[in-house]
A.B. asks: 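Here you go, one structure.
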2 protein chains.
Amino acid sequence: MLDELRPAQALKLWQTTSLIQVKDNAPDLTLRQMTILLSIYLEPPPHTVRGLAAKLNVTKPVITRALDTMGRLKLVDRKRDESDRRNVIIQRTVEGALYLEKMADIIVEQAKAVTK
Amino acid sequence: MLDELRPAQALKLWQTTSLIQVKDNAPDLTLRQMTILLSIYLEPPPHTVRGLAAKLNVTKPVITRALDTMGRLKLVDRKRDESDRRNVIIQRTVEGALYLEKMADIIVEQAKAVTK
DNA sequence: TTAAGTTAGAACGGAAGCGAAATGATAATT
DNA sequence: AATTATCATTTCGCTTCCGTTCTAACTTAA
């Protein structure tokens, strides 16, 4: 059971999952970038630069730059909020959803392997 | 139950664990760096640049640079292999062990929360 | 309508990452 | 002894990231 996961198993889960992604040539995201990406896909919209910066306790340029990079990778998209044009609304993409779906499958698979 | 870990829970586990680390100001390691670190601590020694490069399917300079950075952070250490001075033996540190212990605790805690 | 506030992004100098290719040290082979 | 192979690192030109500070665009309030 996952609620009985032990520390050594937890690390093994992280290791094998990460290793599979690296060998797959998945984008080499930083911890911050990954956290931003997961927040965008798991938390209810709308997502703004300011909101993410507050949530992660980082400065706004950190979010802006991460969105630049992940935008180039097509993992996220941006558009102006037309109701308040100071805001930018951060949007999910098909590529980003697929990327996280694949990652989730790897985690599930490795969780099974680790607790077996 | 473990085979009831669903993809959405897996991503939530990753997100909350990552978010806690970011808010804790944990080092902003890349996926590759994290994979290297976990491999060093979970796989039996000795660890070499060449071996890690092969394991992760990356070039040797990638390993060298990651060790430079994680060495500065005191997460790993290096020493020459005296039996074959071409090799470098990569070693664990107290700080690195503590860092991963803390990370493991967070994962365990979040795994409980996610499956509750 | 002018002033104050808010939001995202740009500019800065510096640190660290990349792949590809070259280097220096050491070991093994002939 | 000379050559070849191996190992980790350095170098190159370039990209991305950092924190800090500043700016442009926009909204709200006086």
Side-chain angles (χ1 to χ4, degrees), chain A residues 18 21-37 39-40 45-92 96 99, chain B residues 18 21-40 43 45-92:
Chain A
S18 301
Q21 294 180 102
V22 169
K23 292 178 85 169
D24 263 12
N25 284 310
D28 189 33
L29 300 184
T30 65
L31 179 63
R32 285 172 166 188
Q33 291 171 336
M34 179 55 76
T35 306
I36 292 166
L37 186 65
S39 294
I40 292 167
H47 297 287
T48 63
V49 172
R50 192 188 87 80
L52 288 170
K55 184 178 182 66
L56 273 70
N57 193 33
V58 297
T59 61
K60 285 184 294 181
V62 166
I63 305 296
T64 295
R65 285 185 290 247
L67 295 178
D68 289 343
T69 298
M70 294 192 294
R72 259 177 254 123
L73 294 170
K74 311 275 190 201
L75 296 175
V76 297
D77 203 359
R78 278 190 273 206
K79 75 154 207 262
R80 276 284 157 193
D81 177 357
E82 290 304 332
S83 74
D84 182 342
R85 293 188 43 78
R86 289 172 303 183
N87 292 331
V88 158
I89 301 298
I90 300 153
Q91 298 180 304
R92 302 165 184 167
Y99 171 72
Chain B
S18 301
Q21 294 179 103
V22 169
K23 291 178 84 168
D24 262 12
N25 284 309
D28 190 31
L29 301 184
T30 66
L31 179 63
R32 286 173 167 188
Q33 291 170 335
M34 179 55 75
T35 306
I36 292 166
L37 186 65
L38 285 166
S39 294
I40 293 166
E43 304 275 329
H47 298 287
T48 63
V49 172
R50 172 116 191 102
L52 288 170
K55 184 178 183 66
L56 274 70
N57 193 33
V58 296
T59 63
K60 286 186 292 180
V62 166
I63 305 296
T64 295
R65 285 185 288 246
L67 296 178
D68 288 344
T69 297
M70 293 193 293
R72 257 177 256 124
L73 294 169
K74 311 278 190 199
L75 296 175
V76 298
D77 203 359
R78 278 188 273 206
K79 77 154 204 261
R80 277 282 156 194
D81 177 357
E82 289 304 332
S83 75
D84 182 343
R85 294 188 42 79
R86 289 173 302 183
N87 293 331
V88 158
I89 302 297
I90 299 152
Q91 299 180 303
R92 301 165 187 170

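Labels below follow one simple rule: chain letters A, B, ... track the order of the sequence lines, proteins then strands, and each chain is numbered from 1. Remember, it's a predicted structure, so these values are computed and weren't measured experimentally.
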A.B. asks: Going by atom type alone, with no hydrogens or angles, which donor-acceptor pairs under 3.5 Å involve a side-chain atom of residues 47-56 of chain B and a protein atom two or more places apart or on another chain?
C.D. replies:
| residue | atom | partner | partner atom | Å |
| --- | --- | --- | --- | --- |
| H47(B) | NE2 | I40(B) | O | 3.1 |
| H47(B) | NE2 | E43(B) | O | 3.0 |
| T48(B) | OG1 | G51(B) | N | 2.9 |

A.B. asks: T48(B) or R85(A): which one's nearest nucleotide on DNA chain D is closer to the 5' end?
C.D. replies: T48(B)
A.B. asks: Side-chain donor-acceptor pairs under 3.5 Å in residues 64-78 of chain A, sequence neighbours left out?
C.D. replies:
| residue | atom | partner | partner atom | Å |
| --- | --- | --- | --- | --- |
| T64(A) | OG1 | K60(A) | O | 3.4 |
| D68(A) | OD1 | R78(A) | NH2 | 2.3 |
| T69(A) | OG1 | R65(A) | O | 3.3 |

A.B. asks: Do the non-hydrogen side-chain atoms of N57(B) and V22(A) ever get within less than 4.5 Å of each other?
C.D. replies: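 Sidechains of V22(A) and N57(B): no contact.
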A.B. asks: Can you tell me how far CD1 of I89(A) sits from OG of S83(A), rounded to the nearest 0.5 angstrom?
C.D. replies: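 Result: 7.0 Å between the selected atoms.
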A.B. asks: Can you find a side chain N or O atom of R86(A) that sits less than 4.0 Å from OP1 or OP2 on dT7(C)?
C.D. replies: no
A.B. asks: Does R80(A) have a side-chain nitrogen or oxygen under 4.0 Å from the phosphate oxygens OP1 or OP2 of dA8(C)?
C.D. replies: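 Answer is no, no contact under 4.0 Å.
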A.B. asks: Between atom CD1 in I89(A) and atom P in dA8(C), what is the gap in whole Å?
C.D. replies: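 Taking CD1 of I89(A) and P of dA8(C), I get 8 Å after rounding.
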A.B. asks: To the nearest Å, how far apart are I90(A) CD1 and dT7(C) C1'?
C.D. replies: 12 Å
A.B. asks: For nucleotides 15-24 of chain D, give me one character per nucleotide, 5' to 3': B if any protein heavy atom sits under 4.0 Å from the base, S if the only such contacts are to the sugar-phosphate, - if neither.
C.D. replies: -SSBBBB---
A.B. asks: Distance check, rounded to the nearest 0.5 Å: L29(B) atom CG versus M34(A) atom CE?
C.D. replies: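 Spacing of CG (L29(B)) from CE (M34(A)) equals 13.5 Å.
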A.B. asks: What are the two closest non-hydrogen atoms of R85(B) and R80(B), and how far apart are they?
C.D. replies: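 So the two residues come closest at O-NH1, 2.7 Å.
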A.B. asks: Between atom CD of Q33(B) and atom CD1 of I63(B), what is the distance when rounded to the nearest 0.5 Å?
C.D. replies: 10.0 Å
A.B. asks: How long is the line joining NZ of K60(A) and P of dA25(D), in whole Å?
C.D. replies: 16 Å
A.B. asks: Quick one: L67(A) CG to dA8(C) C1', roughly how many Å, whole number?
C.D. replies: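 Roughly 10 Å, once rounded to whole Å.
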A.B. asks: At less than 4.0 Å, is any side-chain N or O atom of R50(A) found next to OP1 or OP2 of dT7(C)? Yes or no.
C.D. replies: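 For dT7(C), OP1/OP2 do have a side-chain N/O of R50(A) under 4.0 Å.
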A.B. asks: Specify the separation, in whole Å, of atom CG of D84(B) and atom C1' of dA8(D).
C.D. replies: 11 Å
A.B. asks: Atom CG of N25(A) and atom C1' of dC18(C): how far apart are they, to the nearest Å?
C.D. replies: 13 Å
A.B. asks: Tell me: CD of E82(B) to P of dA25(C), nearest whole Å?
C.D. replies: 16 Å
A.B. asks: Round to the nearest Å and state the distance from K79(B) atom NZ to dC7(D) atom P.
C.D. replies: 18 Å
